[in-house]
Amino acid sequence: MDHIARSPKQLGAVLRRYRRQGNVTQTDIAAKTHLRQATISALENGEVGTQIKTLTDVLAALDLELLVRPRTRSQASDIEDLT
């Protein structure tokens, strides 16, 4: 299933959801990516300052990919609240 994320907080929530569905801990992702568990937590919480490499490493560790497409006309209220 595809998820729309228009903010760091929404993106973090999507990543958290996929991680949990796979029964993977933040520590597991940290070990795979050679990042700190706190970095994974910050990404999932939508904290500012996440490097693109960090995001792509976490996506790879979760076997996910990023798709960029034109923005839909949906209103923010139409997008699932993932938090």
Side-chain angles (χ1 to χ4, degrees):
M1 176 178 192
D2 293 337
H3 294 279
I4 296 174
R6 292 185 175 165
S7 71
K9 190 170 187 96
Q10 288 174 333
L11 179 57
V14 169
L15 294 174
R16 181 182 304 110
R17 177 181 282 179
Y18 274 103
R19 179 182 58 75
R20 288 179 175 169
Q21 285 175 349
N23 293 317
V24 178
T25 67
Q26 289 180 348
T27 303
D28 295 334
I29 297 299
K32 283 184 176 182
T33 59
H34 305 288
L35 297 167
R36 295 176 24 242
Q37 177 273 329
T39 301
I40 307 304
S41 177
L43 176 61
E44 289 185 0
N45 288 322
E47 293 181 18
V48 297
T50 299
Q51 295 182 10
I52 291 176
K53 179 161 180 12
T54 299
L55 174 60
T56 57
D57 288 350
V58 171
L59 287 168
L62 291 169
D63 199 28
L64 298 172
E65 62 189 4
L66 181 66
L67 171 67
V68 177
R69 67 177 188 193
R71 187 173 249 200
T72 61
R73 298 278 182 223
S74 300
Q75 299 296 319
S77 61
D78 296 334
I79 297 173
E80 180 183 5
D81 182 16
L82 297 172
T83 59

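As a basis for the values below, the full set of heavy atoms in this structure was taken, side chains included, without hydrogen atoms, waters or symmetry mates.
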OG1/Thr50 to CD1/Ile40 distance, rounded to the nearest 0.5 angstrom? 9.5 Å

Leu55 and Leu11: CA distance, side-chain angles, deciding distance, side-chain contact (heavy atoms from CB on, under 4.5 Å) verdict: CA-CA 10 Å; Leu55 174 60; Leu11 179 57; 3.9 Å; yes

Any salt bridge (charged side-chain N to carboxylate O under 4.0 Å, His left out) pairs touching residues 23-36, not counting sequence neighbours? none

Supply the atom-to-atom distance Leu35 CG to Ile29 CD1, rounded to the nearest 0.5 angstrom. 10.0 Å

For Thr54, side chain to side chain donor-acceptor pair (under 3.5 Å) partners two or more places apart: none

Flag yes if more than 12 heavy atoms outside Gln21 fall under 6.0 Å of its CD atom; otherwise flag no. yes

So salt bridge (charged side-chain N to carboxylate O under 4.0 Å, His left out) across residues 37-57, not counting sequence neighbours, yields Arg16-Glu44, Arg19-Glu44, Lys53-Asp57

Any ring pair (Phe, Tyr, Trp, His ring centres under 6.0 Å) pairs touching residues 46-71, not counting sequence neighbours? none

Roughly how far, to the nearest 0.5 Å, is CD1 of Ile4 from CZ of Arg69? 5.0 Å

Suppose the criterion is ring pair (Phe, Tyr, Trp, His ring centres under 6.0 Å): which pairs have a residue in residues 12-71, not counting sequence neighbours? His3-Tyr18

Restricting to side-chain contact (heavy atoms from CB on, under 4.5 Å), what partner residues turn up for Arg71, sequence neighbours left out? Arg6

Given the rule that I, L, V, M, F, W and Y join up when any side-chain heavy atoms are under 4.5 Å apart, are Val58 and Leu66 in one cluster? yes

